[in-house]
Structures are given as structure tokens and as C-alpha cells.
Amino acid sequence: MRLSSLSRRYTAALFDTACDANLVDKIESDLGLITWTLQSVAEFKETLANPLISTETKKSAATAIFRDKVDAITLNFVCLLIDRRREDILEDIEEQFALLADDWRGIIRADVTSAAALTDNEKSRLISKLEAFTGKKVELYMKQDRSLIGGLVVRIGDTVIDGSIKKQVVDLKNRMLGKE
């Protein structure tokens, strides 16, 4: 089983629980704190990753760190993952939970790669067009790639809109060589 499909099932169950308890924002924040801790505190990450450390010791460590900082649902979820030896998917779950929460709020993420930085006006126009296209509120996540030469590549979920000069040049080259 692929890691992402496994983490998707756990994430969906946690998200359903969060919705039922009206705690989506809190649990999203909790998962962010846990992920930040995993990335910032090497000893904690090593403890969770070590197969020689018992699940009880791992759960005790997680409880000691997060008892007063996260909701009981989140802490119980982390302990469940530890019991099932799935603690390695915590960071993936945090990312997927954030996407589910944004979708629940009517927000969609657009990853935009451009050859040069966009002005505020260009970003606003892009957001307006993408919101009209998707019917949802759009949050842009920008990055630059000078190899695009010009234009943009927009990724929303599995949809890619490639309006880069680089792609146009490659398409033109392929047409000229008869490789359509």
C-alpha cells in the first residue's frame, strides 16, 4: 500500500472526527505544532522513528510533550498512530489535513511557478481568474523558475495549466519536427 493512500485514510478519519467535534481549526493547528516539533526537535523524531523503542515509551514521550498543548482528540490520534506503528506518516497527515480543511472552508491552493516575480496587481488578476475558473477562494503559493523564460505554470490539485514560454518553444519545436 502506498504511503499516501494509507495516510489519506487516517487523515479522513481524523478530519471526520474534527468536523463532528467542531474542532477543525484546533486540530489543524495541533498537527502543525506536532509537525514543527518533529522537524525541530531531532531527539523526538529519532525516538518515534526508532523501532527498538517500545510503543509505550513513544506514547509517554508524545504525551509528556503535547498533553497541555493539543486537544485530547489530537493526542489520542497520535497515540493511535504510535500503537499501529504509523508514526512515520504524521507529517503527511498534517499536510493532507490542511488541504481537507481548506477545501471544507471553500479555499483551494494554487501552486504558481513564474519566470519572474509577479506584481501585486498581476497576482490579484490571477487570483480573480482562478477563482472564476474554480468557483472557490484561491490562495497562491508562488515560486520562481527562470528556466520557464516567461509566463506561468499553475497547478491546482491534479490540474496543470502551463502557459510558459518554455512549453510554447518545446511545442513549436515538436511541430516543426513533426512530433505532435
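Throughout, residue positions are numbered sequentially from 1 according to the sequence presented. Any value given below was found using the heavy atoms of this structure, including those in side chains, with hydrogens, waters and symmetry copies removed. This structure is a prediction, so every number in the text was calculated from the model and none was measured.
Annotation: the span from S40 atom OG to L33 atom CG amounts to 9.5 Å, rounded to 0.5 Å. Atom OG1 of residue T63 and atom CD1 of residue I82 lie 7.5 Å apart, to the nearest 0.5 angstrom. Between the CG atom in L75 and the CD1 atom in I34 there is a gap of 7.5 Å [rounded to 0.5 Å]. Between E43 atom CD and I65 atom CD1 the span is 9.5 Å, to the nearest 0.5 Å. Atom OG1 of residue T74 and atom CG of residue L14 lie 6.5 Å apart, to the nearest 0.5 angstrom. Distance CG/L80 to CG/N76: 9.0 Å, rounded to 0.5 Å.
Counting heavy atoms of neighbouring residues, nucleotides and ligands inside a 6.0 Å radius, atom CG of N121 exceeds 12 of them.
D92 and R86 are not joined by a salt bridge, as no carboxylate oxygen comes within less than 4.0 angstrom of a charged side-chain nitrogen. A salt bridge does not link D171 with R175: none of the charged nitrogens is closer than 4.0 Å to a carboxylate oxygen. Under a 4.0 Å N-O distance rule, the pair K59/E56 qualifies as a salt bridge. Using a 4.0 Å cut-off between charged nitrogen and carboxylate oxygen, R105 and E139 do not count as a salt-bridge pair. A salt bridge is defined here as a Lys NZ or Arg NE, NH1 or NH2 lying under 4.0 Å from an Asp or Glu carboxylate O, and D102 with K136 fails to meet this definition.
Within the 4.5 Å cutoff, no side-chain heavy atoms of Q96 are placed close to those of F15. Two residues are said to be in side-chain contact when any heavy atoms from C-beta on lie closer than 4.5 Å; R9 and L6 meet this criterion. A 4.5 Å side-chain heavy-atom check between L81 and I93 finds at least one atom pair inside the cut-off. With contacts defined as side-chain heavy-atom distances shorter than 4.5 Å, the pair L38/E91 qualifies. Residues L148 and T113 have side chains in contact (heavy-atom distance under 4.5 Å, counting atoms from C-beta outward).
With sequence neighbours excluded, the residues forming a side-chain contact (heavy atoms from CB on, under 4.5 Å) with R85 are T55, K58, E87, listed by chain and number. For F77, the ring pair (Phe, Tyr, Trp, His ring centres under 6.0 Å) criterion is met by no residue, not counting sequence neighbours. The ring pair (Phe, Tyr, Trp, His ring centres under 6.0 Å) test applied to F66 returns F44, not counting sequence neighbours.
Shortest non-hydrogen contact noted between V138 and A110 is CG1-CB, 3.8 Å. When all heavy atoms are compared, the tightest approach of G151 to I165 is N-CG1, 4.2 Å. Closest approach of L118 to K123, counting heavy atoms only: O-CE, 3.6 Å. Nearest heavy-atom pair across K166 and S147 is CD-O, 3.3 Å. The two residues F97 and I27 have their closest heavy-atom pair at CZ-CG2, 3.8 Å. For the residue pair K167 and S164, the shortest heavy atom distance occurs at N-OG, 3.1 Å.
The backbone N or O of D25 sits nowhere less than 3.5 Å from a side-chain atom of S29 that would complete a donor-acceptor pair. Checked by atom type and distance alone, the side chain of T35 never pairs as donor or acceptor with a backbone atom of G32 at under 3.5 Å. Remark: side-chain polar atoms of T11 are paired, donor with acceptor, to backbone N or O of S7 under 3.5 angstrom. Under the 3.5 Å distance criterion, the side-chain polar atoms of E122 are matched with a main-chain donor or acceptor of T119.
Side-chain heavy atoms closer than 4.5 Å link hydrophobic residues (I, L, V, M, F, W, Y) into clusters, and following such links, even through other members, never connects L99 to I156. Residues L152 and V169 are members of separate hydrophobic clusters, defined by side-chain heavy-atom contacts under 4.5 angstrom among Ile, Leu, Val, Met, Phe, Trp and Tyr. A continuous path of ILVMFWY side-chain contacts below 4.5 Å connects V41 to V70, so both sit in one hydrophobic cluster. The cluster map of Ile, Leu, Val, Met, Phe, Trp and Tyr, joined by side-chain heavy atoms under 4.5 Å apart, puts M142 and L130 in the same cluster. W104 and I107 are members of different hydrophobic clusters when ILVMFWY side chains are connected at heavy-atom separations under 4.5 Å.
For the residue pair T57/S54, the side-chain donor-acceptor check at 3.5 Å is satisfied.
The side-chain contact (heavy atoms from CB on, under 4.5 Å) test with T17 is passed by exactly one of V24, I73, L23: I73.
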Quiz prompt | side chain to side chain contact (heavy atoms under 4.5 Å, CB included) assessment of V78 paired with L90 | solution = CA-CA 8 Å; V78 170; L90 266 166; 4.1 Å; yes

Practice problem: Go through the steps to decide whether V153 and V160 satisfy the test side chain to side chain contact (heavy atoms under 4.5 Å, CB included), and finish with yes or no. | Solution: CA-CA 7 Å; V153 177; V160 177; 3.9 Å; yes

